[in-house]
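The block underneath contains the structure these notes are about, expressed in structure tokens.
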Amino acid sequence: MSIINVSHAEITTFILVGIPGLEYAHIWISIPICSMCLIALPGNCTILFIIKTEPSLHEPMYYFLSMLSLSDMGLSFSPLPTMLRILFKASEISANACFAQQFFIHGFTALESSVLLIMSFDRFLAIHNPLRYSSILTTLRVAQIGTVCFFKSFLLVLPFPFTLRMLTYCKKRQLSHSYCLHEDVMKLACSDNQIDVIYGFFGALCVMVDFMLIAMSYILILKTMLGTASRKEQLKAFNTCVSHICAVIIFYLPIINLAIVHRFVHHVSPLFNVVMANVLLLVPPLMNPIVYCVKTRQIRVKVVAKLCQKQIY
């Protein structure tokens with residue numbers, strides 16, 4: 001079995017692990033994991049197809065939803081290759097492949113957070129100033145916002161592979177998950193990883209700042225809704241936010257749970273950390289298309305119309 005070179009000249013492989021205590025059931029666990037990914041792919045592709053082919057959905061809200069579907073697909077498929085490898089007893093991954101995988105996982109996580117943030121601002125603008133909504137969020141401006149979010153998210157995590165590559169790895173090479181994460185890899189280093197610790201904290205802080213800004217947006221949305229005279233208008237405004245609120249809860253709840261456990265709980269089962277990390281990567285891409293199809297009438301109507309049209313033909 002290959003080892004990691006202590007001389008710092010070359011790094012060969014890391015060892016991935018599956019779900020602690022359930023190694024005997026990995027082949028069965030692969031079934032729901034594959035099913036979640038297979039459902040997430042057509043679900044997000046359906047959202048993208050409906051928005052692209054229906055002119056009535058060529059609005060800022062649905063453009064941002066398209067960005068969310070794209071980030072969901074990236075978030076879902078970045079860890080999938082190694083998750084399937086470990087479930088089928090192929091536990092080694094080359095160092096360069098590991099560094100690349102953690103870059104994409106953290107990049108799409110940051111992108112998902114950024115998209116959820118701009119979607120909250122979109123909802124605030126639509127409710128607070130509906131008359132100027134279309135003139136402020138033009139198609140060009142939406143494209144510019146999306147481009148900025150994309151580059152901001154991946155530039156944020158761009159240093160991760162390079163700082164990890166500069167570390168020296170000695171005897172420890174077993175990771176804690178079936179995929180590579182920045183904080184997991186840097187703990188294996190026997191050289192000074194202070195830069196990785198500080199920058200990793202900065203990256204996590206940026207995601208939490210997104211969450212705080214989303215919360216602030218909804219405080220302003222709630223204030224605007226309570227200022228409207230009609231209860232019917234309040235309910236109508238709230239209904240436009242339900243899908244996004246669900247997406248925010250689905251994405252941030254595992255992150256907050258993991259942060260609380262790491263900060264305040266000193267003796268926690270490794271199984272909990274692994275399960276919550278897997279939930280973060282697999283559940284949002286699965287649930288977001290379902291939530292938006294069920295709770296957003298315009299999407300639901302178009303999907304049903306497409307399905308009925310296919311049945312007729």
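Values below: all heavy atoms of this structure, side chains included; hydrogens, waters and symmetry mates excluded.
- Using a 4.5 Å heavy-atom cutoff, the side chains of Ile299 and Leu65 are in contact.
- In plain terms, the two heavy atoms of Ser120 and Tyr218 that are nearest each other are CB-CE1, 4.2 Å.
- Cluster annotation: Leu155 is connected to Val209 through the hydrophobic network of ILVMFWY side chains, with a link wherever side-chain heavy atoms come within less than 4.5 Å.
- Rounded to the nearest 0.5 angstrom, Asp196 CG and Thr163 OG1 are separated by 3.5 Å.
- The nearest pair of heavy atoms linking Met61 to Tyr133 is N-OH, 3.5 Å.
- Between Val274 and His177, the closest side-chain pair of non-hydrogen atoms falls below 4.5 Å.
- Nearest heavy-atom pair across Tyr169 and Cys190 is C-SG, 4.0 Å.
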For Tyr292 and Leu68: C-alpha separation, side-chain torsions, deciding distance, then whether side chain to side chain contact (heavy atoms under 4.5 Å, CB included) applies.
CA-CA 11 Å; Tyr292 272 94; Leu68 183 66; 3.9 Å; yes
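- Between Phe202 and Tyr199, the ring centre distance stays below 6.0 Å.
- The side-chain heavy atoms of Ile145 and Met67, taken from C-beta on, include no pair separated by under 4.5 Å.
- Looking at Val207, Asp122, Ile214 one by one, the single match for side-chain contact (heavy atoms from CB on, under 4.5 Å) with Leu117 turns out to be Ile214.
- The hydrophobic cluster containing Val294 does not contain Val301, counting ILVMFWY residues as joined when their side-chain heavy atoms lie under 4.5 angstrom apart, directly or transitively.
- To the nearest 0.5 Å, atom CG of residue Asn44 and atom CG of residue Leu75 are 10.0 Å apart.
- The cluster map of Ile, Leu, Val, Met, Phe, Trp and Tyr, joined by side-chain heavy atoms under 4.5 Å apart, puts Leu281 and Ile249 in the same cluster.
- Judged purely by atom type and a 3.5 angstrom limit, Thr82 uses its side chain to pair as donor or acceptor with the backbone of Ser178.
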Evaluate Ser56 against Lys302 for side chain to side chain contact (heavy atoms under 4.5 Å, CB included), listing each step before the verdict.
CA-CA 10 Å; Ser56 62; Lys302 298 301 181 183; 3.5 Å; yes
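- Annotation: side chain of Tyr62 is in contact with side chain of Gln298 (closest heavy-atom distance under 4.5 Å).
- In this structure, Leu156 is a member of the same hydrophobic cluster as Met208, with clusters built from ILVMFWY side-chain heavy atoms closer than 4.5 Å.
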Check against side chain to side chain contact (heavy atoms under 4.5 Å, CB included), Cys180 and Phe99
CA-CA 7 Å; Cys180 296; Phe99 300 155; over 6 Å; no
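- Distance CD1/Ile245 to CZ/Phe238: 5.0 Å, rounded to 0.5 Å.
- Met186 CE to Leu181 CG: the interatomic distance, rounded to the nearest 0.5 Å, is 10.5 Å.
- Val185 is listed as a side-chain neighbour of Cys98, based on a closest heavy-atom distance under 4.5 Å.
- Surrounding NZ of Lys236 are at most 12 heavy atoms belonging to other residues, nucleotides or ligands under 6.0 Å away.
- Of the candidates Phe160, Phe104, Phe103, Phe160 is the only one forming a ring pair (Phe, Tyr, Trp, His ring centres under 6.0 Å) with His182.
- Scanning all heavy atoms of the two residues, the minimum distance from Cys293 to Arg300 falls at O-CB, 2.9 Å.
- With hydrophobic clusters built from ILVMFWY side chains whose heavy atoms lie under 4.5 angstrom apart, Leu41 shares a cluster with Ile290.
- Val157 approaches Pro161 most closely through the heavy-atom pair O-CD, 3.6 Å.
- Minimum interatomic distance between Thr109 and Ile105 (heavy atoms only, all atoms of both residues): OG1-O, 2.7 Å.
- Taking CG from Leu158 and OG from Ser153, the interatomic distance works out to 12.5 Å, rounded to the nearest 0.5 Å.
- Put simply, the side chain of Arg141 gets close to the backbone of Ile136: a donor and an acceptor are under 3.5 Å apart.
- Although no hydrogens or angles enter the test, the distance criterion places a donor-acceptor pair under 3.5 Å between the side chain of Asn239 and the main chain of Leu235.
- Side-chain atoms of Leu116 and Asp210, non-hydrogen and from C-beta on, never get closer than 4.5 Å to each other.
- For the pair Tyr179/Gln102, no side-chain contact is recorded, criterion being any heavy-atom separation below 4.5 Å from C-beta on.
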Run the side chain to side chain contact (heavy atoms under 4.5 Å, CB included) test on Phe64 and Leu137 for me, step by step, so that the C-alpha distance in whole Å, both residues' side-chain angles and the decisive distance to 0.1 Å come before the verdict.
CA-CA 11 Å; Phe64 292 137; Leu137 284 180; 4.2 Å; yes
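- Side-chain atoms of Pro289 and Thr46, non-hydrogen and from C-beta on, never get closer than 4.5 Å to each other.
- In terms of modelled atom types and a separation under 3.5 Å, the side chain of Ser76 and the main chain of Asp72 share no donor-acceptor contact.
- Note on ring orientation: taking the six-membered ring where Trp is involved, the planes of Phe150 and Phe154 are tilted (angle from 30° to 60°).
- The structure places CD1 of Ile255 at 9.5 Å from CG of Leu253, a figure rounded to the nearest 0.5 Å.
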